[in-house]
Amino acid sequence: MVSAFLIVFGAMLATVDIFGSSIPYTDEWDAEANWLYRLFEQGDLGFGEIAAPHFGHRLILTRLTSLGLYVLNGGWDPQLQMIVNGLLHALICAVLVGFIVQRTDGPYRTPAAVATIILFTVPFSWLSILVAFQTQFYFMLLFSILALKHLSSSRYLAGYSFAALAMLSMTPGALLLPAYIFTLIVSTLRHRYISREQLGQIAICSAVFIFFVWHLPETTADDAYHAGNLYDFFVTVFYALYWPIRLEHWVGLIIYAPFVLLLIKALRHSGVPIFLLALGGFITLQILAMGYFRGGLNIPIPNRYWEILIVGIWLNGMSLFFIMRNSLSRPVKAFAFAWMFVAIVGLSATAFESFSEGLPGRKAESLTTQSLITEYLETGNREVFAGFSIYEVSYPDTERLIDILNQPVVRDLLPGSLGGSSADNLAGVRNVLFRLHWLMILGGLCLLALPSRALRGF
């Protein structure tokens, strides 16, 4: 687990160092500059403001993390938040590798762990890493996975504690509760019997989930994003299910086939890890939520949601492993080869696009944003933004961005790269981490290269 964490965190630090910048992007102008930090500087920030909804989400953990970094640093630096995103991404990988170490044996253990590390080392979801205001995705995923892992092992106190943290991270974190109920229903169908303990867990999860949904904020994302009909809904769902294969390539249907087969096996036989069933239910509900809340645009799932889909690939890979562990018949081998071929080809093409277009493009847009905003702050000329895309301006509404920039308190708290008065107390820590990322990767590889001890203790 330590080796996985070091390799992935080192890779994420390298990504932020090479392609990241301290230029705010989209939601950061409203959610941070014009809300969190402005209220803090004016002395008007209380818990009510920290818990206030942001488009249907209560981003309590993200706001506390951002505010903590702001105070420690003496000012605003989005790159520090990107480093936290990379840290959480690495922790997710470490937890999943820990599951492999605990639940697998034989010749498949090391390849499964190495494949997981590679899957999380490549910055497929580069927009999540390089946009500071995405920490909620990482918190939600990490705590949801930990909650399902503990609930599946009947460690209820820890499980519900992590569940509470997941729901305080982002609204979709609540979907872990029906996902866990799903595993209890599968167990009931297999044994044709339900225990008092299972009934109690279903009652608790149902009550908490209903209470949470009942108290959701009324303000949600723009209705234009919502699927207006079943066609738009299913197109978006299939975009997610096919990832990383393009929708027009029908072979993408195989991506989630291993989990479907594992579910069928779980209904007939025991021995299927409950955690995988729970995680599969959770990812499925996440994809259905994407279909509804993002189906209105009828476009592929935005890059920042790919962090969830990466876990979906891992889920299906592990489902395939548990299918193969109990059967190595010729059809199973052929299916496994076909799935791995499609997944590897799709991931390789996506990785190439990330390194050739996505990452350099985000860097170029940040440099353009820095130039435009610096020029506006110096000249006050609104026309400097004319003719540039919303990604280059870093905000979808130029007039709204100008209004935010014209506030004296916001101008003062801008990152140093934009002429603000941030003290940048953590610059030394940030620079040391950036210099150590290759050493972290090398250290993790050395630990991974050790004999069996590497996967047991590290």
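None of the values given here were measured: they were computed from a predicted structure.
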Asp77 vs Leu426, side chain to side chain contact (heavy atoms under 4.5 Å, CB included): CA-CA, chis, key distance, verdict: CA-CA 9 Å; Asp77 182 3; Leu426 298 179; over 6 Å; no

Side chain to side chain contact (heavy atoms under 4.5 Å, CB included), that's the test. Do Phe434 and Ile83 meet it? Break it down for me. CA-CA 10 Å; Phe434 285 161; Ile83 291 173; 4.0 Å; yes

Should Ser371 and Leu367 be marked as a side chain to side chain contact (heavy atoms under 4.5 Å, CB included) after you check the CA-CA gap, both sets of side-chain angles, and the distance that decides it? CA-CA 6 Å; Ser371 174; Leu367 293 174; over 6 Å; no

Verdict with supporting geometry, Val208 and Met167, side chain to side chain contact (heavy atoms under 4.5 Å, CB included): CA-CA 11 Å; Val208 173; Met167 290 186 285; 3.9 Å; yes

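Aromatic ring orientation, Phe238 versus Phe234: tilted (interplanar angle from 30° to 60°). The aromatic rings of Tyr138 and His89 sit perpendicular to each other, their planes meeting at more than 60°, with 30° as the lower class boundary.
Partners of Ser21 according to the side chain to side chain contact (heavy atoms under 4.5 Å, CB included) rule, which considers only residues two or more places apart in sequence or in another chain, are Ile23, Ser366. Residues forming a ring pair (Phe, Tyr, Trp, His ring centres under 6.0 Å) with Tyr292 (at least two apart in sequence, or on another chain): His226. Here Phe99 pairs with Phe275, Trp314 under the ring pair (Phe, Tyr, Trp, His ring centres under 6.0 Å) rule; sequence neighbours left out. For Phe5, the ring pair (Phe, Tyr, Trp, His ring centres under 6.0 Å) partners are Phe9, not counting sequence neighbours. Not counting sequence neighbours, the partners of Leu64 by the side chain to side chain contact (heavy atoms under 4.5 Å, CB included) test are Ile50, Ile60. With sequence neighbours left out, the salt bridge (Lys or Arg N to Asp or Glu O under 4.0 Å) criterion links Asp30 to Arg400. Residues passing the ring pair (Phe, Tyr, Trp, His ring centres under 6.0 Å) test with Trp306 are Trp243, sequence neighbours excluded. By the salt bridge (Lys or Arg N to Asp or Glu O under 4.0 Å) test, Arg362 is found to be paired with Glu365, residues two or more places apart in sequence or in another chain being considered. By the side chain to side chain donor-acceptor pair (under 3.5 Å) test, His437 is found to be paired with Asp17, residues two or more places apart in sequence or in another chain being considered. Contacts of Arg246 classified as salt bridge (Lys or Arg N to Asp or Glu O under 4.0 Å), with partners at least two apart in sequence or in another chain: Glu353.
The closest side-chain donor-acceptor pair between Gln136 and Thr62 falls under 3.5 angstrom. With no hydrogens or angles considered, a side-chain donor-acceptor pair links Glu32 and Gln81 at under 3.5 Å. Ser394 and Trp29 share a side-chain donor-acceptor pair at under 3.5 Å.
Among residue pairs with one or both ends in residues 171-214, those qualifying as ring pair (Phe, Tyr, Trp, His ring centres under 6.0 Å) are Phe211-His215; sequence neighbours excluded. Listed by first and then second residue, the ring pair (Phe, Tyr, Trp, His ring centres under 6.0 Å) pairs that reach into residues 321-351 are Tyr108-Phe321, sequence neighbours excluded.
One finds the CD1 atom of Ile313 at 14.0 Å from the CE atom of Met318 (value rounded to the nearest 0.5 Å). Expressed to the nearest 0.5 Å, how far OG1 of Thr171 lies from CE of Met140 amounts to 9.5 Å. Taken from CD in Glu197 to OG in Ser154, the straight-line distance is 5.0 Å, to the nearest 0.5 Å.
Closest heavy-atom contact between Ile194 and Ile202: CD1-CD1, 3.9 Å. Of all the heavy atoms in Leu359 and Pro123, the pair that sits closest is CD1-CG, 3.9 Å. The two residues Ala427 and Asn73 have their closest heavy-atom pair at N-OD1, 4.2 Å. Contact record, Ala179 with Ala278: CB-O, 3.5 Å, taken as the closest heavy-atom pair. Between Pro244 and Ala343 the shortest heavy-atom distance is CG-O, 4.3 Å. Shown here for Ala4 and Cys93, the closest heavy-atom pair between the two residues is CB-SG, 4.2 Å.
With contacts defined as side-chain heavy-atom distances shorter than 4.5 Å, the pair Trp76/Leu69 does not qualify. By the 4.5 Å heavy-atom criterion applied to side chains, Pro415 and Pro24 are counted as neighbours. Between Ile92 and Phe120, some side-chain heavy-atom pair lies under the 4.5 Å cut-off. Annotation: side chain of Leu285 is in contact with side chain of Pro178 (closest heavy-atom distance under 4.5 Å). Side chains of Arg190 and Ser187 form a contact here, defined as non-hydrogen atoms less than 4.5 Å apart. Considering only heavy atoms from C-beta on, Leu88 stays 4.5 Å or farther from Phe137 through its side chain. Residues Phe293 and Thr236 fail the side-chain proximity criterion, which asks for heavy atoms closer than 4.5 Å. Side-chain contact between Ser66 and Leu36: present, with at least one pair of heavy atoms (C-beta onward) separated by less than 4.5 Å.
With a 6.0 Å radius and a threshold of 12 heavy atoms from other residues, nucleotides or ligands, Tyr156 has its OH atom above the threshold. By the neighbour-count criterion of 12 heavy atoms within 6.0 Å, atom CD1 of Ile274 is sparsely surrounded, having that number or fewer from other residues, nucleotides or ligands. Around the CZ atom of Arg155, the shell of radius 6.0 Å holds more than 12 heavy atoms that belong to other residues, nucleotides or ligands.
Test Leu262, Val186, Val272 against Leu267 for side-chain contact (heavy atoms from CB on, under 4.5 Å) and you get one pass: Val186.
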